[in-house]
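To keep things clear, I will list the structure first and then write my remarks on it.
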Amino acid sequence: MRPDAMILSAYLDGEVPERFVPDIEAAIEREPDVRAAYERLVALRSRLDVDLPFDVAESSRRSWTAVMREVPGRRRDIWRRRVAVPLPLLAAAAAGIAILAGALLWTTLQPIDATPQYARGGDIDLTFRVGETDMERVLQWLVDKNMLGEVNIQLPEQRFQIVGEPVFVRPAQYEGGRLR
């Protein structure tokens with residue numbers, strides 16, 4: 001029988017049944033490559049056989065507690081859970097909330113401009129459809145409200161004929177229906 005590395009490791013740990021021990025020892029004595037593998041395992045074991053710097057029992061208890069926390073179906077106490085938040089992230093979040101609150105307060109406290117657009121000097125485009133007799137009343141109402149600026153009047157679609165030549169008249173030349 002020629003033992004491999006697994007059997008040699010089991011032999012070193014004392015896990016091989018007694019009936020196989022003489023064969024393994026004979027192979028170690030007879031075969032140089034088996035002896036070299038056995039000596040490597042002995043050297044490795046001596047390096048690992050150092051006193052551990054921590055308590056194995058305490059480490060085992062912590063490991064078991066961590067495993068039990070992750071078992072499915074087990075109720076986790078969410079309210080006692082601790083989350084580490086970096087201080088710069090917390091400060092940035094607080095600053096963002098403060099800026100948003102300040103902006104909301106500033107927009108809330110701004111006076112609302114309830115002045116109509118025409119009173120602020122802007123132009124308004126309105127379209128009226130009025131009968132022939134109501135036009136004077138609409139124009140008079142616009143004058144009374146001081147809203148009369150430029151008025152465009154669209155005449156009904158009819159065909160007009162120009163008779164004669166157009167004459168340009170200055171207002172100073174026109175007087176009550178006759179030219180001066």
Side-chain angles (χ1 to χ4, degrees), residues 6 9 13 44-180:
M6 292 295 288
S9 175
D13 292 338
L44 180 63
R45 183 175 202 177
S46 67
R47 281 186 268 162
L48 292 176
D49 215 8
V50 200
D51 285 335
L52 298 175
F54 57 89
D55 185 13
V56 175
E58 175 63 24
S59 175
S60 174
R61 186 190 63 73
R62 282 194 323 256
S63 297
W64 182 253
T65 304
V67 166
M68 290 310 292
R69 246 186 277 134
E70 297 300 321
V71 171
R74 187 173 165 99
R75 187 176 82 83
R76 294 185 183 125
D77 199 1
I78 251 178
W79 301 110
R80 293 183 187 195
R81 186 174 181 185
R82 293 178 188 248
V83 178
V85 178
L87 188 60
L89 180 65
L90 191 60
I97 290 172
I99 288 171
L100 285 175
L104 181 64
L105 186 64
W106 184 74
T107 56
T108 304
L109 296 178
Q110 289 296 319
I112 297 174
D113 187 12
T115 311
Q117 183 180 4
Y118 64 83
R120 283 185 258 146
D123 293 338
I124 298 178
D125 291 333
L126 295 175
T127 302
F128 289 101
R129 288 192 186 273
V130 293
E132 295 172 12
T133 58
D134 295 330
M135 182 56 76
E136 274 189 49
R137 286 188 9 215
V138 170
L139 291 174
Q140 187 59 45
W141 181 80
L142 289 172
V143 168
D144 291 345
K145 299 292 181 187
N146 197 19
M147 295 188 307
L148 191 59
E150 179 179 323
V151 177
N152 295 326
I153 299 174
Q154 182 179 355
L155 297 174
E157 291 185 23
Q158 294 181 358
R159 294 192 173 220
F160 292 95
Q161 290 183 343
I162 298 177
V163 179
E165 288 290 318
V167 176
F168 293 105
V169 177
R170 289 186 292 184
Q173 294 177 337
Y174 183 73
E175 213 177 272
R178 61 185 167 89
L179 289 174
R180 279 193 271 162

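Residue numbers run from 1 in the order of the sequence given. Excluded from the calculations below are hydrogen atoms, water molecules and symmetry mates; all remaining heavy atoms, backbone and side chain alike, are included. Treat the numbers as computed from the prediction; the structure is a model and nothing was measured.
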Problem set entry | Qualifying residues under side-chain contact (heavy atoms from CB on, under 4.5 Å), relative to I99, sequence neighbours excluded | none
Problem set entry | Partner residues of E58 under the side chain to side chain donor-acceptor pair (under 3.5 Å) criterion, sequence neighbours left out | R61
Seminar exercise, completed: Applying side-chain contact (heavy atoms from CB on, under 4.5 Å) to P86 and not counting sequence neighbours gives P88, L89
Problem set entry | All side-chain contact (heavy atoms from CB on, under 4.5 Å) counterparts of L104, not counting sequence neighbours | T107, T108
